[in-house]
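In what follows, a structure is listed as structure tokens, so that the remarks can point back to it.
To find a chain, count down the sequence lines: A is the first, B the second, and so on, and within it residues start at 1.
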Amino acid sequence: MRIATWNVNSIRLRAEQAVTWLKETQPDVVCLQEIKCQNEQFPREPFEALGYNVTVHGQKGFNGVALLSKLPLEDVTHGLAGDESDVQARFIEAVVSVKGGVARVCCMYLPNGNPPQTEKYDYKMGFMARLKAFAAERLKLEEPFVIAGDYNVIPGPADASDPSAWTQDALYLPRTRATFRDLLAMGFTDAIRATSDSDRLFSFWDYQAGAWQRDFGIRIDHLLLSPQAADRLIGAGIDKHVRAWERPSDHVPVWVDLKLAA
DNA sequence: ATGACAAAGAATCTTTGA
């Protein structure tokens, strides 16, 4: 089973590219972030035509996440628990049935948090605290469980082409990285890091200043695996070539292959 | 020292992103 995540930066602009990519790699479950539309505006038809079930948690203009799955999506929940006042569309949880049980997947768009020392960073830290509490509960289920998405976290110096450029940034501040490490300490495995030590594995290149051409990238899109998912890890990768397509998203798809079958 | 670039939505500019 292949589970992929991609921040598409508008699904209405990127639907055609998404279809091309889906036909190429045929993932079983796909987590999309920054769809930037409301539920009724989401272009469901091209994805349903490829055999995907679709659940959309959108909002007007910004944010928005969607989950696509070849298997039926069960127990779908929109939103991350822990703050009833949070109206931003950033989280979907669902399960799919697999041999011997279920696989649980979360699609997440974690807040950027810039600039620091504003309420935006407080919101990011609050969201991460809620994520930790949620993840701790889910780990008790001892299921294959994947939290996939745009974490807006550069985990360490190997995850940026020039770490010194990010020291004052919400994506790389010590508190941000420490909270991400807390998730790993709880028992999650960073799928890309579990399969490579390369310091050139990036998932985002800014549109500005020729970042792509200079390979000025960062790794901020992650798939964190529960122990039961990590036990089934076969491989992981980044579909970097997508960034070279015409009118690309600034992020590229990241994926993991797990030894799980329907 | 600063901006670059892209997208959405309300409007020909502002907000947001990273």
Under 4.0 Å between a side-chain N or O of [X] and OP1 or OP2 of [N]?
X: A:Lys36; N: B:dG17; result: no
X: A:Tyr121; N: B:dA18; result: no
X: A:Asn152; N: B:dA18; result: yes
X: A:His251; N: B:dA18; result: yes
X: A:Arg12; N: B:dG9; result: yes
X: A:Ser10; N: B:dA8; result: yes

Whole-Å gap separating [atom2] ([N]) and [atom1] ([X]):
X: A:Phe216; N: B:dC5; atom1: CZ; atom2: P; result: 15 Å
X: A:Ile35; N: B:dA7; atom1: CD1; atom2: C1'; result: 14 Å
X: A:Gln17; N: B:dA6; atom1: CD; atom2: C1'; result: 13 Å
X: A:Asp206; N: B:dG3; atom1: CG; atom2: C1'; result: 12 Å
X: A:Phe62; N: B:dT14; atom1: CZ; atom2: P; result: 14 Å
X: A:Arg214; N: B:dC5; atom1: CZ; atom2: C1'; result: 13 Å
X: A:Lys60; N: B:dT15; atom1: NZ; atom2: C1'; result: 14 Å
X: A:Asp250; N: B:dA7; atom1: CG; atom2: P; result: 9 Å

Sticking with atom [atom1], work out how far [N] lies from [M], rounded to a whole angstrom.
N: B:dT14; M: B:dA4; atom1: P; value: 14 Å
N: B:dT12; M: B:dA1; atom1: P; value: 35 Å
N: B:dC13; M: B:dT2; atom1: P; value: 25 Å
N: B:dC5; M: B:dA10; atom1: P; value: 26 Å

Verify the ring-centre separation between A:Trp6 and A:Trp21: is it less than 6.0 angstrom?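 Yes, ring centres under 6.0 Å apart.
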
Are A:Tyr109 and A:Phe91 near enough that their ring centres are under 6.0 Å apart?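 Ring-ring flag for A:Tyr109/A:Phe91: false, centres at least 6.0 Å apart.
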
Given [options], the nucleotide with the shortest approach to the side chain of [X]:
X: A:Ala209; options: B:dA4, B:dG17, B:dG9; answer: B:dA4
X: A:Lys120; options: B:dA8, B:dT16, B:dA18; answer: B:dT16
X: A:Asn9; options: B:dA7, B:dA18, B:dG9; answer: B:dA7

Which part of the nucleic acid, if any, lies within reach of [X] when heavy atoms closer than 4.0 Å are counted: base, sugar-phosphate only, or nothing?
X: A:Lys124; answer: nothing
X: A:Arg90; answer: sugar-phosphate
X: A:Asn7; answer: sugar-phosphate

Note: for A:Tyr109 and A:Arg14 on DNA chain B, the residue whose nearest nucleotide lies more 5' is A:Arg14

Contact nearer the 5' end of DNA chain B, comparing A:Ile220 with A:Gln38: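 In this pair, the answer is A:Gln38.
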
Is it possible for you to say whether A:Phe62 and A:Phe42 belong to one hydrophobic cluster, with membership spreading through side-chain heavy-atom contacts below 4.5 Å? no

Short N-O contact, A:Arg232 and A:Asp257, less than 4.0 angstrom: no

Tell me whether the count of non-hydrogen atoms from other residues, nucleotides or ligands lying under 6.0 Å of CD in A:Glu40 goes above 12.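 Yes, CD of A:Glu40 has more than 12 neighbouring heavy atoms, counting only those of other groups under 6.0 Å.
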
N/O donor-acceptor pair under 3.5 Å between A:Tyr123 side chain and A:Gly113 backbone: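 Checked: no pair found.
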
